Trainee: 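Take this structure, written in structure tokens, and hold onto it; I'll ask about it next.
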Amino acid sequence: MAVDISKKNVGQRGSISHMSEAPLVRTRFAPSPSGHLHVGGARSALFCWAFARRAGGRFLLRIEDTDQKRSSETASVGFLEDLAWLGIDWDEGPEWHDHGGGDTGPYYQSQRLDLYETYMDQLVESGLAYRAFETPEELTAARAAARAEKRPYRYDRGALDLDASTVKNWMAEGRPHVIRFRVPDDAATTIQDAVLGEVRVEASELEDFVIRKADGFPTYHFAVVIDDHLMGVTHVIRGQEHLANSPKHALLQDALGFDRPVWAHVSLIFNPDGSKMSKRDKDKALRTEVRSLGLETPPEGSEIDPQAWAEWLGDKRAQLETGKAVKLAEVLGVELPAINVDDFRHGGYLPEVLLNYLALLGWSPGGDQEQFDRAFICEHFGLDRIVKSPAKFDRSKLLAFNLDAIQAMDDDQFVLRLEAFCQDFEPLFLEAMTAHQFKVFALANKARSKTFRDPIDSGRFFIEADDIIEWPATKAVRKALCKGEVCGFDRLAAVRDLLATCDPWTPSQIELILTAWAEENCDGNLGQVAQPIRVAVSGGPVSPPIFDTLEILGQDATLARIDRCLASREQLQGTGA
RNA sequence: GACCCCAUCGUCUAGUCAGGUCUAGGACAUCAGGUUUUCAUCCUGGGAACAGGGGUUCGAAUCCCCUUGGGGUCGCCA
């Protein structure tokens with residue numbers, strides 16, 4: 001009955017049919033389609049992918065959508081996109097652009113129910129699994145009782161005492177029931193883990209776990225075991241939160257006569273505070289804020305209906321939809337923690353840098369090399385160098401790597417990629433500038449950019465209308481414009497007409513004029529005139545080098561902004577000291 | 001609480017499996033100087049760790065045990 005997938009796939013796409021003795025390495029990433037891909041999941045995917053690439057094997061993607069309540073098609077597309085953005089391509093799995101397909105599908109578990117049923121029947125018929133009729137409420141009560149008495153709870157196998165006719169009758173009545181796997185008595189399970197070594201669990205620690213839910217869907221444990229077998233998965237690389245599951249899977253595999261895969265459990269990724277980095281962290285941050293504000297009903301503008309609000313507030317496991325979470329964060333003024341791949345994409349990080357950083361979290365190539373590309377990972381990745389201890393996610397190191405990568409880029413590349421970034425997230429920058437302006441804008445910012453987000457955030461003033469620039473009476477603004485015997489306003493007024501005569505309006509020509517003026521009037525101290533101009537045209541003390549800044553703005557805008565700034569002189573000087 | 005996993009600078013790690021070359025290396029962060037028209041870069045230098053206690057051994061960051069600390073799991077979620 002078992003399909004020998006490894007043989008079936010050899011030869012496909014002209015692969016390595018001559019190496020028939022060693023089974024082709026096949027790894028898989030199997031997320032549930034809830035929300036975007038978070039960094040922990042991304043790292044698991046990366047390790048699976050890199051391991052398959054290194055071994056010349058195949059990397060598959062499977063969607064674990066057996067929870068009818070939580071699965072949604074749109075969410076799954078979200079992380080396909082995240083994976084593709086990172087450059088993690090799957091050989092088999094859901095079809096998406098030029099990825100996916102394959103002979104061992106379907107790759108959505110919800111479409112494989114008949115396969116699970118076949119094996120399920122086999123187990124029940126052979127007495128290795130049995131039907132159980134306790135209701136969820138009864139089980140919850142039993143757990144609570146055990147907890148109150150401070151004893152560990154384990155399913156009491158009550159259903160095992162049911163005689164065959166009772167079971168038959170109840171089934172005929174259509175009584176809801178689950179199927180439980182009968183854990184063999186007194187058999188300690190030892191699993192071999194490529195990272196952790198031998199892990200041994202006593203049979204008495206395991207209960208007869210559910211393998212089919214009352215709705216007819218298999219549980220995770222059962223579906224995983226069947227699918228991994230049918231899909232020919234040889235190596236299961238996943239987060240350590242799954243370690244406790246592996247003995248269950250091993251037992252199922254033994255019972256079904258399947259080979260066990262090689263397991264590799266990778267340590268978890270933590271937040272800086274030491275807690276597990278989880279996609280629920282965003283909701284956690286929001287809930288904490290909501291509680292401290294004592295909000296009983298959804299705040300205005302959050303677009304959440306009161307009932308959903310109450311449910312979300314009351315259930316630690318509940319997650320808001322991404323859009324609603326963002327809205328709520330906006331309304332409350334909370335900064336959501338960046339934990340999804342997508343968050344870093346929005347933040348202007350390079351996919352190859354995130355991939356590099358993720359690889360370094362729990363793995364190292366040995367020696368001192370830290371920065372490397374995809375090809376290097378595919379060439380060097382191995383299970384033997386995976387670190388056992390958990391790692392904290394360090395934003396500042398990621399940022400430093402991103403800076404290095406941007407600085408190492410050649411100029412044309414940078415312009416192109418910043419343009420692509422703007423196309424995706426900041427189209428206004430492209431609309432408001434000519435191609436030439438944008439190029440100058442990009443290059444003027446390159447050396448000072450740690451992310452693609454930096455030039456955008458600090459460069460809003462470039463695309464704003466001349467007449468909405470304001471000069472808030474901050475310390476920096478006052479220093480540039482008001483301080484000193486000869487103040488910034490004075491210098492601004494003095495160079496204004498000089499700039500008006502500047503022709504052509506190029507950085508070098510502007511530089512010529514301003515340095516000459518500074519030589520004559522400020523002992524060659526260019527800053528004394530550059531800074532007032534910077535503040536006048538941007539409204540603040542920060543901008544790219546002044547000559548570039550002025551070129552991007554153009555002569556008209558520069559003069560208009562200087563004039564408006566000068567006009568606000570009295571008002572600004574009236575403030576503060 | 002029970003079971004399981006883990007333990008080198010603030011953080012990620014090299015070194016551990018095959019004990020000596022480790023007065024423990026790198027990176028990020030930090031501190032001090034310097035360059036710079038702002039911000040950011042950039043350059044130079046400094047401080048910073050083998051969790052504690054027992055063994056084994058001529059010799060332990062490396063092997064063993066205990067303690068402590070951190071984490072994971074304990075769902076008809078995956």
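Proteins come first, then strands; the chains are lettered A, B, ... in the order of their sequence lines, and each starts at number 1. Because the structure is a prediction, the values reported are computed rather than measured.
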Trainee: Does the plane of the ring in A:Phe133 sit parallel, tilted or perpendicular to the ring in A:His177? Use 30° and 60° as the thresholds.
Mentor: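 Ring orientation, 0 to 90° scale: tilted.
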
Trainee: Could you tell me how far B:G69 sits from B:G53 if I compare only their C1' atoms? Round to whole Å.
Mentor: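 My reading of the C1' atoms in B:G53 and B:G69 gives 14 Å.
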
Trainee: Heavy atoms only, 4.0 Å cut-off, all strands: where does A:Glu134 land among base, sugar-phosphate and nothing?
Mentor: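 If one applies the 4.0 Å heavy-atom cut-off, A:Glu134 turns out to touch a base.
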
Trainee: Nearest whole angstrom, please: distance from the P of B:U73 to the NE2 of A:His221.
Mentor: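 About 12 Å, once rounded to whole Å.
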
Trainee: When you check the phosphate oxygens OP1 and OP2 of B:C5, does a side-chain N or O of A:Ser267 lie under 4.0 Å from one of them?
Mentor: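 The answer is no; no side-chain N or O of A:Ser267 sits under 4.0 Å from OP1 or OP2.
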
Trainee: Identify which nucleotide among B:C42, B:C76, B:A78 has an atom closest to any side-chain atom of A:Val210, counting heavy atoms from C-beta outward.
Mentor: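 When the side chain of A:Val210 is considered, B:C76 is the closest of B:C42, B:C76, B:A78.
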
Trainee: For A:Asn245, answer base if it contacts any base atom (sugar-phosphate contacts may also be present), sugar-phosphate if it contacts only those atoms, and nothing otherwise; contact means non-hydrogen atoms under 4.0 Å.
Mentor: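 Base contact - A:Asn245 has a heavy atom under 4.0 Å of at least one base atom.
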
Trainee: Using a 4.0 Å heavy-atom cut-off across all strands, classify A:Val178 as base, sugar-phosphate, or nothing.
Mentor: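 It contacts base atoms.
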
Trainee: At 4.0 Å (heavy atoms only), tell me whether A:Ala530 reaches a base, stays on the sugar-phosphate, or touches nothing.
Mentor: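 Result for A:Ala530 = base.
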
Trainee: Given B:G15, is OP1 or OP2 found less than 4.0 Å from the side-chain N or O atoms of A:Arg385?
Mentor: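 Affirmative; the distance criterion is met.
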
Trainee: Classify the ring geometry between A:Phe222 and A:Tyr116 as parallel (under 30°), tilted (30 to 60°) or perpendicular (over 60°).
Mentor: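 The rings of A:Phe222 and A:Tyr116 stand perpendicular, inter-plane angle above 60°.
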
Trainee: So if I take every side-chain heavy atom of A:Leu403 and compare against B:A78, B:U41, B:C76, which nucleotide ends up nearest?
Mentor: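 That would be B:U41.
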
Trainee: Considering only side-chain heavy atoms of A:Leu268, which listed nucleotide, B:C5, B:G72, B:A78, is closest?
Mentor: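 From the listed options, B:G72 comes nearest.
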
Trainee: Which nucleotide sits closest to the side chain of A:Val387: B:A14, B:C6, B:C42?
Mentor: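 The listed nucleotide nearest to A:Val387's side chain is B:A14.
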
Trainee: Using the P atom in both, what is the distance from B:U73 to B:U30, to the nearest Å?
Mentor: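 Here B:U73 and B:U30 have their P atoms 33 Å from each other.
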
Trainee: Could you tell me how far B:C17 sits from B:G1 if I compare only their C1' atoms? Round to whole Å.
Mentor: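 Straight-line distance between the two C1' atoms is 35 Å.
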
Trainee: Any heavy-atom pair between the side chains of A:Arg28 and A:Arg238 that's under 4.5 Å?
Mentor: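 Yes. Closest side-chain heavy atoms under 4.5 Å.
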
Trainee: For nucleotides B:G10 and B:A24, find the distance between their P atoms and express it as a whole number of Å.
Mentor: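 Straight-line distance between the two P atoms is 15 Å.
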
Trainee: Could you check which nucleotide pairs with B:U62 in any of the strands shown, counting Watson-Crick or G-U wobble with both distances under 3.5 Å?
Mentor: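 In the structure as shown, B:U62 has no Watson-Crick or wobble partner.
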
Trainee: Rounding to a whole Å, what distance do you find between A:His242:NE2 and B:G71:C1'?
Mentor: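 In whole Å, B:G71 C1' and A:His242 NE2 are 16 Å from each other.
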
Trainee: Using the C1' atom as the point on both nucleotides, what is the distance between B:U8 and B:G25, in whole Å?
Mentor: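 Going atom to atom, C1' in each nucleotide, I get 12 Å.
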
Trainee: Can you tell me how far P of B:A27 sits from CZ of A:Arg395, to the nearest Å?
Mentor: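 A:Arg395 atom CZ is separated from B:A27 atom P by 23 Å.
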
Trainee: Does A:Asp411 come within less than 4.0 Å of A:Lys446, counting only side-chain N to carboxylate O?
Mentor: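 Yes, this pair counts.
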
Trainee: Using only heavy-atom distances, decide whether a donor-acceptor pair under 3.5 angstrom links the side-chain of A:Lys397 to the base of B:C12.
Mentor: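 Result: at least one qualifying N/O pair found.
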
Trainee: Scan A:Pro152 against the nucleic acid and name what it touches under 4.0 Å (heavy atoms): base, sugar-phosphate only, or nothing.
Mentor: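 Since no nucleic acid heavy atom lies under 4.0 Å of A:Pro152, the category is nothing.
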
Trainee: Rounded to the Å, how far apart are A:Ile269 CD1 and B:U11 C1'?
Mentor: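 Distance check: A:Ile269 CD1 to B:U11 C1' gives 14 Å.
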
Trainee: Please report the distance, rounded to the nearest Å, between CG in A:Asn525 and P in B:U38.
Mentor: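 Computing the A:Asn525:CG to B:U38:P distance gives 9 Å.
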
Trainee: Start with the C-alpha gap between A:Ser538 and A:Ser543, add the side-chain angles, then the distance that decides, and say whether side chain to side chain donor-acceptor pair (under 3.5 Å) holds.
Mentor: CA-CA 7 Å; A:Ser538 75; A:Ser543 89; 5.6 Å; no

Trainee: Apply side chain to side chain contact (heavy atoms under 4.5 Å, CB included) to A:Ser278 and A:Lys284, showing your working.
Mentor: CA-CA 10 Å; A:Ser278 143; A:Lys284 204 166 135 194; over 6 Å; no

Trainee: Closest approach to the side chain of A:Ser396, judged atom by atom: which nucleotide of B:A40, B:A2, B:C28 is it?
Mentor: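 Within the option list, the nearest is B:C28.
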
Trainee: Just the rounded figure in Å: distance from P of B:U73 to CZ of A:Arg154.
Mentor: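 Atom CZ in A:Arg154 sits about 18 Å away from atom P in B:U73.
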
Trainee: Any idea which of B:A78, B:C6, B:C4 is nearest the A:Leu243 side chain?
Mentor: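 Of the options given, the side chain of A:Leu243 lies nearest B:C4.
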
Trainee: Within the structure shown, what part of the strands sits under 4.0 Å from A:His177 by heavy-atom distance: base, sugar-phosphate, or nothing?
Mentor: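 Nothing: the residue A:His177, judged by heavy atoms under 4.0 Å, touches no strand.
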
Trainee: A side-chain contact here means heavy atoms from C-beta on lying under 4.5 Å apart; do A:Leu358 and A:Phe393 qualify?
Mentor: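 The answer is yes, as the side chains (C-beta and beyond) meet within the 4.5 Å cut-off.
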
Trainee: Mind checking A:Glu370 for me? I need base, sugar-phosphate or nothing, with any heavy atom below 4.0 Å counting as a touch.
Mentor: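 Since a base atom lies under 4.0 Å of A:Glu370, the category is base.
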
Trainee: If you pin A:Gly527 and A:Phe393 to their nearest nucleotides in RNA chain B, which one's is more 5'?
Mentor: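 First, find each residue's nearest nucleotide; the 5'-ward one identifies A:Phe393.
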
Trainee: Using atom C1' in both nucleotides, what's the gap between B:C63 and B:C4 to the nearest angstrom?
Mentor: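 Roughly 23 Å separates the two C1' atoms.
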
Trainee: Test side chain to side chain contact (heavy atoms under 4.5 Å, CB included) on A:Leu399 and A:Leu403 and set out the steps.
Mentor: CA-CA 6 Å; A:Leu399 192 62; A:Leu403 169 78; over 6 Å; no

Trainee: On the nucleotide B:U41, are OP1 or OP2 found under 4.0 Å from the side-chain N or O atoms that A:Lys450 carries?
Mentor: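 Checking A:Lys450 against B:U41: at least one side-chain N or O falls below 4.0 Å of OP1 or OP2.
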
Trainee: Looking at A:Arg62 and A:Asp65, is there a salt bridge between them, counting it only when a charged N and a carboxylate O are closer than 4.0 Å?
Mentor: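 A:Arg62 and A:Asp65: not salt-bridged.
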
Trainee: Can you tell me how far C1' in B:A48 sits from the matching atom in B:U57, rounded to whole Å?
Mentor: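 Pairwise C1' distance, B:A48 against B:U57, rounds to 31 Å.
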
Trainee: Is any N or O donor-acceptor pair between the side chain of A:Glu241 and the base of B:G72 shorter than 3.5 Å?
Mentor: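 Absent.
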
Trainee: Given B:A78, is OP1 or OP2 found less than 4.0 Å from the side-chain N or O atoms of A:Lys213?
Mentor: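 So the side-chain polar atoms of A:Lys213 do come within 4.0 Å of the phosphate oxygens OP1 or OP2 of B:A78, strictly under.
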
Trainee: Classify A:Ala400 by what it touches in the nucleic acid, base, sugar-phosphate, or nothing, heavy-atom distance under 4.0 Å.
Mentor: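 Sugar-phosphate contact only.
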
Trainee: Heavy-atom contacts under 4.0 Å between residues 531-546 of chain A and RNA chain B, which residues?
Mentor: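 The answer is A:Gln531, A:Arg534, A:Pro541, A:Val542, A:Ser543, A:Pro544, A:Pro545, A:Ile546.
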
Trainee: Looking only at side-chain atoms of A:Ala391, point me to the closest of B:C12, B:C5, B:G72.
Mentor: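 Looking only at side-chain atoms, A:Ala391 lies closest to B:C12.
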
Trainee: Paired with B:U68 by Watson-Crick or G-U wobble geometry, both distances under 3.5 Å: which nucleotide is it?
Mentor: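 Across all strands, the one nucleotide that pairs with B:U68 is B:A7.
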
Trainee: For A:Tyr357, answer base if it contacts any base atom (sugar-phosphate contacts may also be present), sugar-phosphate if it contacts only those atoms, and nothing otherwise; contact means non-hydrogen atoms under 4.0 Å.
Mentor: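 Touches nothing.
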
Trainee: Looking at B:A7, B:C39, B:U37, which one has an atom nearest to any side-chain atom of A:Leu526?
Mentor: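 Of all the options, the side chain of A:Leu526 is nearest to B:U37.
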
Trainee: Checking contacts here: which listed nucleotide (B:U37, B:A40, B:G25) is nearest the side-chain heavy atoms of A:Asp368?
Mentor: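 In terms of side-chain proximity for A:Asp368, the closest of B:U37, B:A40, B:G25 is B:G25.
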
Trainee: Under 4.0 Å, heavy atoms only, any strand: does A:Thr135 hit a base, just the sugar-phosphate, or nothing?
Mentor: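 Counting heavy atoms under 4.0 Å across all strands, the contact made by A:Thr135 includes a base.
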
Trainee: Kindly assign one of parallel, tilted or perpendicular to the pair A:Trp363 and A:Phe381, based on the angle between their ring planes and the thresholds 30° and 60°.
Mentor: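 Rings of A:Trp363 and A:Phe381: tilted, 30 to 60°.
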
Trainee: Under the side chain to side chain contact (heavy atoms under 4.5 Å, CB included) criterion, do A:Arg180 and A:Val210 qualify, and how do the steps go?
Mentor: CA-CA 4 Å; A:Arg180 287 180 183 269; A:Val210 174; 3.8 Å; yes

Trainee: Side chain to side chain contact (heavy atoms under 4.5 Å, CB included) for A:Phe344 and A:Val353? Distances and angles first, verdict last.
Mentor: CA-CA 10 Å; A:Phe344 291 98; A:Val353 170; over 6 Å; no

Trainee: If you find the nucleotide of RNA chain B closest to A:Arg143 and the one closest to A:Asp394, which residue's nucleotide is nearer the 5' end?
Mentor: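 This one resolves to A:Asp394.
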
Trainee: Taking the P atom in each of B:U44 and B:C65, what is the distance between them to the nearest angstrom?
Mentor: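 My reading of the P atoms in B:U44 and B:C65 gives 46 Å.
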
Trainee: Return the nucleotide paired to B:U23: Watson-Crick means purine N1 to pyrimidine N3 with N6-O4 or O6-N4, wobble means G-U with N1-O2 and O6-N3, both under 3.5 Å.
Mentor: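 Partner of B:U23: none found under 3.5 Å.
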
